[in-house]
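Below, all heavy atoms of this structure are taken into account, side chains as well, without hydrogens, waters or symmetry copies. In the text below, chain A, chain B and the rest are named by the order of the sequence lines, each starting its count at 1.
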Number of protein chains: 2
Amino acid sequence: MGRWEPDARGRMIRAAMDLFAERGFEPTTAGDVAARAGVTERTFFRHFADKREVLFDGAGVMERTAHDAILAAPADSSPLDAALAGMVAAGGLLADQRDHAVRRSRIVAANPGLQERELLKLAALADTTTGALRARGVAEPADALAAHSAVTVFRVAFARWIEGEEPRDFAACVADAAAALRALT
Amino acid sequence: MGRWEPDARGRMIRAAMDLFAERGFEPTTAGDVAARAGVTERTFFRHFADKREVLFDGAGVMERTAHDAILAAPADSSPLDAALAGMVAAGGLLADQRDHAVRRSRIVAANPGLQERELLKLAALADTTTGALRARGVAEPADALAAHSAVTVFRVAFARWIEGEEPRDFAACVADAAAALRALT
DNA sequence: CTGGTTGTGTCAGTGACTGACATCGACAGT
DNA sequence: ACTGTCGATGTCAGTCACTGACACAACCAG
């Protein structure tokens with residue numbers, strides 16, 4: 001209708017982060033988020049499949065980044081090493097947004113429904129990783145096992161990267177977690 | 001009000017399995033399930049936190065079983081072996097219900113929302129496993145890494161156990177998947 | 001037979017989400 | 001400049017998941 005303001009999607013994402021952080025996820029209605037972003041509830045649901053999805057906008061990019069990095073890994077890398085290279089690349093996208101990542105994971109940690117969605121995104125990352133390993137010639141079920149192991153390392157590394165005060169190198173966190181994984185015998 | 005019929009919970013679970021298998025999960029309303037079970041929608045939601053939960057009734061028992069089995073594992077077992085013992089014990093609960101498990105996983109596989117819930121249950125199993133390993137003296141982050149690795153093995157083993165025609169031994173499936181995991185280097 | 005407890009039905013209400021339809025601005029093609 | 005299509009949005013009505021408040025029936029303990 002009236003004048004069309006650009007970046008509605010970005011405004012909704014920022015509005016959602018602010019409101020969810022202030023009041024919490026459940027008490028905030030989709031209409032609240034839309035209103036703060038200057039759009040209607042209907043527009044919100046045209047951009048995001050559901051209320052939770054507004055917090056997971058970058059998931060697709062991370063998947064593609066991991067996929068490409070795995071295919072670009074040295075040919076003599078082991079499946080696990082190749083998958084871990086994908087995790088490092090995916091995590092690299094967050095390097096200059098640590099504050100945003102911290103804020104986001106606090107919101108997610110406070111709500112079971114959001115954790116559920118996060119698990120789905122991680123599962124999608126694992127599936128993409130599995131596919132990339134397959135393209136490198138890794139057979140079943142080693143592809144899936146290496147992929148899920150890499151994603152588990154990613155989760156541990158991410159948790160370590162976020163906690164504490166002074167920022168650490170994400171790749172180093174991945175290396176540490178991977179070493180701990182290999183030490184399991 | 002009227003006469004009270006026993007096992008309402010069991011009837012709702014069976015009704016849900018039947019209806020979800022016939023029409024699918026989304027098109028079936030909570031009221032449909034309740035009606036087939038001979039109760040009202042309100043009663044359905046008194047027994048299950050939400051519409052999805054009706055398919056995950058056994059999750060809590062599996063968690064407790066895994067927990068106990070991990071604590072009962074030989075003292076000289078490695079963390080990963082102890083965690084795997086928990087997975088074998090948890091999977092053992094399904095031994096005499098393979099048909100039910102197959103039916104259920106078909107329903108879950110057909111709906112993203114249900115997969116999401118399944119991931120949450122598996123994450124809860126991983127958390128319980130982490131806690132049990134901690135009680136055995138396993139330190140961070142090895143506890144979480146071993147727990148998630150074991151749950152990943154569980155998933156692969158379960159998939160193998162369900163596919164194909166003639167039923168295989170679940171413990172053997174776990175052993176195979178665990179061997180593949182260790183072969184990752 | 002009295003009171004508490006448990007499991008249920010009824011009813012009203014909120015919020016997530018969807019489909020159908022109209023509108024507005026931009027951007028061709030003529 | 002005229003017109004038609006296209007993309008993003010607003011409006012409206014409707015379904016369904018889920019919840020709180022209240023009442024009722026069976027049961028059990030005293």
Side-chain angles (χ1 to χ4, degrees), chain A residues 1-57 107-108 110-118 120-121, chain B residues 1-20 22-57 107-108 110-121:
Chain A
M1 284 205 123
R3 192 132 191 79
W4 181 80
E5 296 290 340
D7 196 30
R9 192 182 186 85
R11 278 184 349 252
M12 287 189 274
I13 292 174
R14 284 186 291 274
M17 291 268 303
D18 291 346
L19 290 174
F20 294 166
E22 287 170 21
R23 312 179 198 166
F25 177 76
E26 285 149 357
T28 305
T29 73
D32 292 340
V33 175
R36 172 167 303 200
V39 296
T40 60
E41 189 183 331
R42 192 67 185 87
T43 293
F44 177 90
F45 286 112
R46 282 203 184 90
H47 280 267
F48 306 103
D50 57 55
K51 188 182 157 191
R52 305 172 185 173
E53 205 65 18
V54 67
L55 286 178
F56 297 88
D57 202 51
I107 295 172
V108 172
N111 183 278
L114 292 173
Q115 297 171 39
E116 218 172 335
R117 179 55 48 84
E118 180 134 285
L120 193 67
K121 297 302 183 184
Chain B
M1 292 202 125
R3 192 132 193 79
W4 180 80
E5 296 289 340
D7 195 30
R9 191 182 185 85
R11 277 180 356 248
M12 287 189 274
I13 293 173
R14 284 186 291 275
M17 290 270 302
D18 291 346
L19 290 174
F20 294 167
E22 288 170 21
R23 312 179 199 165
F25 176 76
E26 284 150 357
T28 305
T29 73
D32 293 340
V33 175
R36 171 166 305 199
V39 296
T40 61
E41 189 183 333
R42 192 67 184 86
T43 292
F44 177 90
F45 286 113
R46 282 205 185 87
H47 281 267
F48 306 102
D50 58 54
K51 187 182 159 193
R52 304 171 187 174
E53 204 65 19
V54 68
L55 286 178
F56 298 88
D57 202 50
I107 295 172
V108 172
N111 183 277
L114 291 174
Q115 297 171 40
E116 217 171 335
R117 178 56 49 85
E118 180 134 285
L119 291 170
L120 193 67
K121 298 300 183 184

| message | Once rounded to the nearest 0.5 Å, what's the spacing between atom CG of Asp50(A) and atom CZ of Arg117(A)? | response |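 One gets 4.0 Å once the value is rounded to the nearest 0.5 Å.
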| query | To the nearest 0.5 Å, how far apart are CG in Leu114(A) and CD1 in Ile107(A)? | reply |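 Between atom CG of Leu114(A) and atom CD1 of Ile107(A) there are 8.5 Å.
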| salt_bridge(Glu118(B), Arg52(B)) N-O dist < 4.0 Å |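 Here Glu118(B) does not pair with Arg52(B) in a salt bridge, since their nearest N and O are not under 4.0 Å apart.
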| said: Any residue in residues 40-48 of chain A with a heavy atom nearer than 4.0 angstrom to DNA chain C? Just list them by number, or reply none. | reply: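 Heavy-atom contacts with DNA chain C come from Glu41(A), Arg42(A), Phe45(A), Arg46(A).
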| request: Specify the residues of residues 9-28 of chain A, ordered by number, for which at least one heavy atom lies under 4.0 angstrom from an atom of DNA chain C. | output: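 Hits under 4.0 Å, by residue number: Thr28(A).
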| message | Keeping Arg11(A) on the side-chain end and Arg36(A) on the backbone end, is there a donor-acceptor pair under 3.5 Å? | response |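 A pair under 3.5 Å: no.
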| field | Rounded distance in Å - CD (Glu53(A)) to C1' (dT18(C)) | value |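 For the pair Glu53(A) CD and dT18(C) C1', the rounded distance is 17 Å.
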| For the salt bridge (Lys or Arg N to Asp or Glu O under 4.0 Å) test, which of Lys121(B), Arg9(B), Arg46(B) pairs with Glu53(B)? |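 Exactly one candidate clears the test, Lys121(B).
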| message | For a 4.5 angstrom cut-off between non-hydrogen side-chain atoms, does Lys51(B) reach Val33(B)? | response |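 Side-chain contact under 4.5 Å: no.
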| said: So Val108(B) and Phe25(B), do their side chains get closer than 4.5 Å, heavy atoms only? | reply: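 Side-chain contact under 4.5 Å: no.
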Do any side-chain atoms of residues 13-23 of chain A form donor-acceptor pairs under 3.5 angstrom with protein atoms, and if so which ones, sequence neighbours left out?
| unit_1 | atom_1 | unit_2 | atom_2 | d |
| --- | --- | --- | --- | --- |
| Arg14(A) | NH2 | Asp7(A) | OD2 | 3.1 |
| Asp18(A) | OD1 | Arg103(A) | NH2 | 2.9 |
| Arg23(A) | NH1 | Asp32(A) | OD2 | 3.1 |

